[in-house]
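Remarks on the structure that follows.
Indexing begins at 1, ligand by ligand and atom by atom, following the structure's order.
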Amino acid sequence: MAIRTDRPTTGRFTAGRLRTDLRTIRHMAFPRVTGSTPAERMESYYRSAATDYDAFRERLLHGRRDLMRLLPARPGSHLVDMGAGTGSNIAHLDDRRRAEYRRITLVDVSASMLAVARHRVARSGWHNVETVHASATDYRPEDGPADVVMFSYALTMMPDWFAAVDHARAILRPGGTLAVCDFYVSRKHPGRGARHAAWRRHLWPAWFGHNDVFLSPDHLPYLRARFTAVHEEERLAPVPYLPARVPYYLFVGTRD
Ligand SMILES: C[S@@+](CC[C@H](N)C(=O)[O-])C[C@H]1O[C@@H](n2cnc3c(N)ncnc32)[C@H](O)[C@@H]1O
């Protein structure tokens with residue numbers, strides 16, 4: 001199966017960007033992860049890195065704009081972004097589509113990441129966007145089921161990712177949409193879709209695991225089992241400063 005390979009995201013190279021990149025690379029090479037719960041560990045990881053997050057991730061986390069374009073356009077809906085981080089995905093929605101949502105909820109366990117998101121929301125004047133400090137396995141909209149739940153590069157940071165997927169299903173209305181993009185590796189013998197070379201299946205989980213990002217061969221099969229797929233893509237993305245490409249997927253499915 002031919003896998004689409006993305007081009008590097010470039011942009012202007014400046015001294016400021018180089019400084020931010022060096023800080024980010026140092027943080028990734030020597031991550032500080034402390035705490036006894038997943039939420040404490042996430043906050044400890046992002047506390048010193050939240051303000052630099054967007055600059056580097058813009059070139060590392062591919063497919064996010066495409067995912068936002070794939071969300072169903074239905075005025076008056078409630079979109080829940082689980083593990084929303086700095087809220088950058090909401091900036092990837094075009095203005096008209098963003099304004100059509102009745103409510104957009106950014107859920108995250110990291111107070112530092114949510115502080116950046118809150119600043120973005122206030123600066124941008126997005127009156128229908130709120131931030132909620134909660135886990136993706138707990139958050140429940142108080143005004144009834146959500147229309148769309150999304151995870152962008154968040155499931156790989158959730159040890160109980162299957163519980164987060166099940167919870168998303170539980171808070172979605174029947175016919176509601178789940179949208180996910182994330183890094184992954186294929187199974188050695190995938191039933192369908194791409195089969196990654198052995199070096200990819202071994203290298204990337206070890207590489208990202210150093211930063212508590214756990215690439216799994218089971219995300220896509222589980223998503224397919226729990227939702228009716230309406231859009232699926234498996235792609236390869238460049239990694240800044242590295243000569244290798246990392247696999248990621250886009251999945252959009254509906255709840256029966
Ligand atoms: C790699 S970042 C992705 C952020 C954003 N979605 C993006 O695409 O840039 C992963 C985010 O998931 C959050 N996270 C990890 N575990 C979580 C959980 N159980 N519940 C909610 N958020 C979680 C982290 O705090 C972090 O902000």
Side-chain angles (χ1 to χ4, degrees), residues 9 24 27-28 31-71 79-93 104-121 129-141 146 148-168 171 178-184 207-216 219 237 239-240 246 248-251:
T9 312
T24 302
H27 178 259
M28 288 174 153
R32 258 184 249 133
V33 182
T34 56
S36 54
T37 65
E40 286 169 359
R41 285 194 286 275
M42 273 303 104
E43 172 56 12
S44 72
Y45 178 76
Y46 281 117
R47 192 173 299 124
S48 63
T51 49
D52 285 336
Y53 178 89
D54 285 325
F56 195 83
R57 277 21 175 241
E58 203 47 47
R59 283 166 287 139
L60 177 65
L61 308 182
H62 282 237
R64 295 182 298 170
R65 283 185 168 76
D66 290 341
L67 189 75
M68 299 316 280
R69 278 193 286 267
L70 288 167
L71 299 185
L79 163 66
V80 179
D81 185 355
M82 296 289 202
T86 62
S88 55
N89 282 315
I90 304 310
H92 298 154
L93 275 172
I104 298 177
T105 307
L106 310 180
V107 177
D108 206 287
V109 285
S110 163
S112 302
M113 293 292 264
L114 281 183
V116 177
R118 257 196 309 279
H119 188 244
R120 184 195 300 279
V121 171
V129 183
E130 62 184 348
T131 58
V132 175
H133 189 206
S135 170
T137 50
D138 295 334
Y139 169 75
R140 196 170 276 282
V148 183
V149 176
M150 59 172 281
F151 295 87
S152 147
Y153 292 96
L155 284 182
T156 40
M157 295 199 88
M158 298 176 185
D160 288 341
W161 59 268
F162 44 87
V165 171
D166 286 353
H167 185 68
I171 65 167
L178 180 86
V180 185
C181 71
D182 216 325
F183 297 126
Y184 80 117
W207 180 275
F208 280 95
H210 182 60
N211 278 261
D212 279 26
V213 176
F214 300 108
L215 276 57
S216 169
H219 280 189
V239 180
V246 59
Y248 73 97
Y249 66 86
L250 299 173
F251 177 92

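Contact check on Asp54 versus Arg57 returns no salt bridge, with no Lys/Arg side-chain nitrogen under 4.0 Å from an Asp/Glu carboxylate oxygen. Ion pair Arg65/Glu58 flagged as a salt bridge, since at least one NZ, NE, NH1 or NH2 atom sits closer than 4.0 Å to an Asp/Glu carboxylate oxygen.
Shown are Thr105, Leu178, Ile171; of these, the side-chain contact (heavy atoms from CB on, under 4.5 Å) with Met82 is made only by Ile171. Of the candidates Phe183, Phe214, Tyr184, Phe183 is the only one forming a ring-ring contact (aromatic ring centres under 6.0 Å, His included) with Tyr153.
The distance from ligand 1 to the heavy atoms of Ser110 drops below 4.0 Å at these ligand atoms: 25 (O). Close approach of ligand 1 to Ser152 is summarised as follows: ligand atoms under 4.0 Å from at least one heavy atom of the residue are 3 (C), 5 (C), 6 (N), 7 (C), 8 (O). Each of the atoms 6 (N), 7 (C), 8 (O) of ligand 1 lies under 4.0 Å from some heavy atom of Asn89. Within ligand 1, counting atoms from 1 as listed, the ones closer than 4.0 Å to a heavy atom of Tyr153 are 1 (C), 2 (S), 3 (C), 10 (C). When each atom of ligand 1 is checked for a heavy atom of Met157 under 4.0 Å away, the hits are 1 (C), 10 (C), 15 (C), 16 (N).
The heavy atom nearest to atom 7 (C) of ligand 1, out of those in Arg57, Met150, Arg64, is found in Arg64.
In terms of protein heavy-atom proximity, atom 24 (C) of ligand 1 is closest to Asp108 OD1, 3.4 Å. Of the protein's non-hydrogen atoms, Val109 CG2, 3.5 Å is the one closest to atom 23 (C) of ligand 1. Among protein heavy atoms, atom 19 (N) of ligand 1 sits closest to Ser135 OG, 3.3 Å. The protein heavy atom nearest to atom 12 (O) of ligand 1 is Gly83 CA, 3.6 Å. Looking from atom 16 (N) of ligand 1 to the surrounding protein, the closest heavy atom is Met158 CG, 3.5 Å. Remark: minimum distance from atom 3 (C) of ligand 1 to any protein heavy atom is reached at Tyr53 OH, 3.1 Å.
Using a non-hydrogen distance threshold of 4.0 Å, Met113 registers as a contact of ligand 1. The closest approach between a heavy atom of Thr137 and any atom of ligand 1 is not below 4.0 Å. At least one heavy atom of Ala84 sits less than 4.0 Å from an atom of ligand 1.
Of all the heavy atoms of Ala134, the ones lying under 4.0 Å from any atom of ligand 1 belong exclusively to the backbone. For Met42, every heavy-atom contact with ligand 1 shorter than 4.0 Å involves the side chain, none the backbone.
With a 4.5 Å cut-off on side-chain heavy atoms, Asp81 and Asn89 count as touching. The shortest distance between side-chain heavy atoms of Val80 and Met150 does not fall below 4.5 Å. Side-chain contact check for Met28 versus Thr24: some heavy-atom pair is nearer than 4.5 Å. Residues Glu43 and Met113 fail the side-chain proximity criterion, which asks for heavy atoms closer than 4.5 Å. Counting heavy atoms from C-beta on, the side chains of Val109 and Pro38 never come closer than 4.5 Å.
Between the Asp108 side chain and the Ser110 main chain, a donor and an acceptor come within less than 3.5 Å of each other. Using modelled atom types, one side-chain atom of Asp182 and one backbone atom of Thr156 make a donor-acceptor pair closer than 3.5 Å.
Looking at Val107 next to ligand 1, no N or O pair under 3.5 Å apart turns up. Not one N or O of Tyr46 is nearer than 3.5 Å to an N or O of ligand 1, by distance alone. For ligand 1, the polar-atom distance check against Ala136 finds a nitrogen or oxygen pair separated by under 3.5 Å.
For Phe251 and His219, the ring centers are positioned 6.0 Å apart or more.
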